[in-house]
Amino acid sequence: MIDLKLLRQDPDVFRRGALAKGIDVDVDRLVNLDEQRRALTAERETKRAEQKRLSKEIGPQIGTLQGQLKSAQGPQRDAIQKKIQALQEKPAELKTEIQSVDRTLAEIEPQWKELWLAVPQPPDRDVPAGDSPADNVELRRWHPSWFDPDKSFVDNKGFVPKTHLELVRDLNLVDFERGVKMAGTRSYFLRGDGARLHQAVLRLALDYVVNEHGFTALSAPVIVREEAMVGTGFFPAGRDQAYHIEESKRGAGHDLFLVGTGEVSLMGLHGDEILDADSLPLKYATVSTCFRREAGAAGKDTAGLFRVHQFDKVEQVVICKADEAESRHWHQTMIGIVESFLQRLELPYRLVQCCTGDLGPKNADMIDIECWMPGRTPAPGSAPGSAQAGDWGETHSASRLYDYQCRRLNMRYRDSSGSTVICHSLNNTVAASPRILIPILEMYQNKDGSVTVPEVLRPYMNGQERIG
RNA sequence: GGUGGGGUGGCGGAGCGGUUGAACGCGCCGGUCUUGAAAACCGGUAUACCCUUCGGGGUAUCGCGGGUUCGAAUCCCGCCCCCACCGCCA
């Protein structure tokens with residue numbers, strides 16, 4: 001969530017930020033509620049201080065009088081009781097006043113909190129303006145020497161490619177029909193070499209960030225409480241995207257939610273902690289199953305492995321000191337990690353700078369990495385390199401969040417002067433599968449219908465060189 | 001699922017309803033002593049928000065929420081969580 005002090009100083013930054021992201025939120029109302037809340041809180045505190053002061057003064061007096069009351073009789077007794085009553089009058093008055101303020105506060109605070117959580121992080125100044133992914137800006141491309149996406153697949157490899165759908169069907173790598181039978185639309189079984197390839201990519205990705213980049217591997221909960229979803233910034237905006245386990249309806253204390261990304265688990269780890277500054281940056285990676293309802297995506301990418309309800313992902317996060325330069329540095333570093341990962345896999349990719357409208361509420365900046373998918377049908381209106389089939393498909397996403405996420409998570413460290421500072425956080429996909437299997441299968445297919453196993457994956461496939 | 005026991009500061013652990021943000025111990029930081037270290041001794045050690053003439057002042061927080069009371073860590077109600085044992089179990 002945003003820093004309310006900044007909001008008070010310059011609400012326009014947040015008005016413009018929400019507008020740029022196309023998020024409808026009443027910033028002015030938040031400013032107003034915040035003012036009201038602060039005024040009421042100040043009033044309450046003053047009255048409360050007076051009440052406490054009176055209490056200390058009156059308490060012993062009442063005690064003494066009550067002691068006298070025991071031995072007193074007749075008119076003396078009445079006089080003492082009147083004294084006690086008189087003493088109690090003023091604090092009782094204050095009590096009523098405080099209760100009245102409390103009632104107003106109790107009305108305002110939930111609205112205030114809800115709006116506060118809903119105000120998005122303004123896009124960073126160097127993020128290009130735009131309404132939709134169509135306005136995203138390509139930054140750079142890479143491709144292996146043996147495949148240039150600017151040329152047609154036929155020109156590159158000398159035969160007409162199959163789509164990944166055809167490949168997995170012909171090679172019996174995925175069983176969609178039974179997946180759907182068992183779990184509904186967007187469900188699937190990976191089988192045989194399909195399942196092995198999936199595990200191979202994930203393991204390669206995890207080993208890579210852990211062994212070569214010093215990330216700490218974690219196996220983490222993927223079923224989490226609401227706080228973790230709110231804390232990481234996926235709720236309330238993305239509530240519809242999450243599977244909700246209504247444990248409370250069965251008598252349990254809390255409902256649970258399935259995470260849509262390992263980011264939730266990795267970032268939730270140190271929630272409500274004051275971290276040792278010397279331990280920063282924290283670099284964590286996890287391989288986890290991700291669950292997404294894909295609400296609002298009905299009819300979109302319905303076929304194949306591109307958009308599914310359940311997948312596995314190696315995710316990396318960095319939690320660092322609150323320093324813009326450092327944040328930017330780690331963003332670039334994480335992107336570099338993914339680039340070299342894709343280069344080892346020899347998959348053509350491009351970096352795309354997401355525009356303001358494509359950022360989502362929590363990000364200040366986001367860079368997507370898209371792999372070339374020869375079997376992908378170009379989105380209507382988009383113009384890839386040439387008029388051939390095939391298109392770029394998003395496989396990775398690298399976000400820079402400043403302290404927006406860590407403020408929600410209440411994750412801080414102590415600086416050299418001893419005061420607490422909210423951390424910065426970043427996250428990036430290392431590999432999400434089975435989506436990444438699409439470019440692998442399509443790029444590595446052979447004329448005879450078989451698929452060559454990328455060299456870097458062979459150690460994870462018992463040395464196997466071909467599928468089919 | 002059954003039965004019992006608990007939730008207090010970084011940790012352990014006290015706490016007749018009234019200067020208790022909270023004894024004491026440990027840890028941590030600073031100092032004295034020491035050639036250095038240890039030990040010993042002395043001092044300091046929560047977070048958030050608000051106000052400030054920048055000295056400081058105030059409020060909240062003892063699992064969470066509500067209630068009783070002039071006043072609640074302490075009493076009452078509801079909820080959550082944890083631990084132990086038994087049962088079941090990858």
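Side chains included, hydrogens not; waters and symmetry mates left out as well; all remaining heavy atoms used. Computed from a prediction, not measured in an experiment: that's the story for all the values here. Order of the sequence lines sets the chain letters (A, B, ...), proteins ahead of strands, with each chain counted from 1.
- Pairing for rG7(B) goes to rC80(B), judged as Watson-Crick or G-U wobble with the two contacts each under 3.5 Å.
- In this structure rC33(B) sits in no base pair that meets the Watson-Crick or G-U test at under 3.5 Å.
- Under the side-chain contact (heavy atoms from CB on, under 4.5 Å) criterion, His329(A) pairs with Thr333(A), sequence neighbours left out.
- Here the two rings, on Phe311(A) and Phe291(A), have centers that are 6.0 Å apart or farther.
- For Thr46(A) and Asn410(A), each mapped to the nucleotide of RNA chain B holding its nearest heavy atom, the one lying further toward the 5' end belongs to Asn410(A).
- Counting any heavy atom pair closer than 4.0 Å across all strands shown, Ile274(A) reaches sugar-phosphate atoms only and no base atom.
- Checking rC50(B), rU59(B), rC81(B) against every side-chain atom of Arg48(A), the shortest atom distance belongs to rU59(B).
- The same atom, P, is picked in rC11(B) and in rG7(B); the two are 15 Å apart, to the nearest Å.
- Along RNA chain B, the nucleotide nearest Arg53(A) and the nucleotide nearest Arg37(A) are compared for position; the residue whose nucleotide lies closer to the 5' end is Arg37(A).
- Checked against the 6.0 Å centroid threshold, His270(A) and Tyr284(A) count as a close aromatic pair.
- Side-chain atoms of Glu315(A) and Thr286(A) form no donor-acceptor pair, as typed in the model, at a separation below 3.5 Å.
- Separating the CD1 atom of Ile98(A) from the C1' atom of rG66(B) is a distance of 17 Å, rounded to the nearest angstrom.
- When distances are taken from the side chain of Arg44(A) to each of rC81(B), rA60(B), rU47(B), the shortest belongs to rA60(B).
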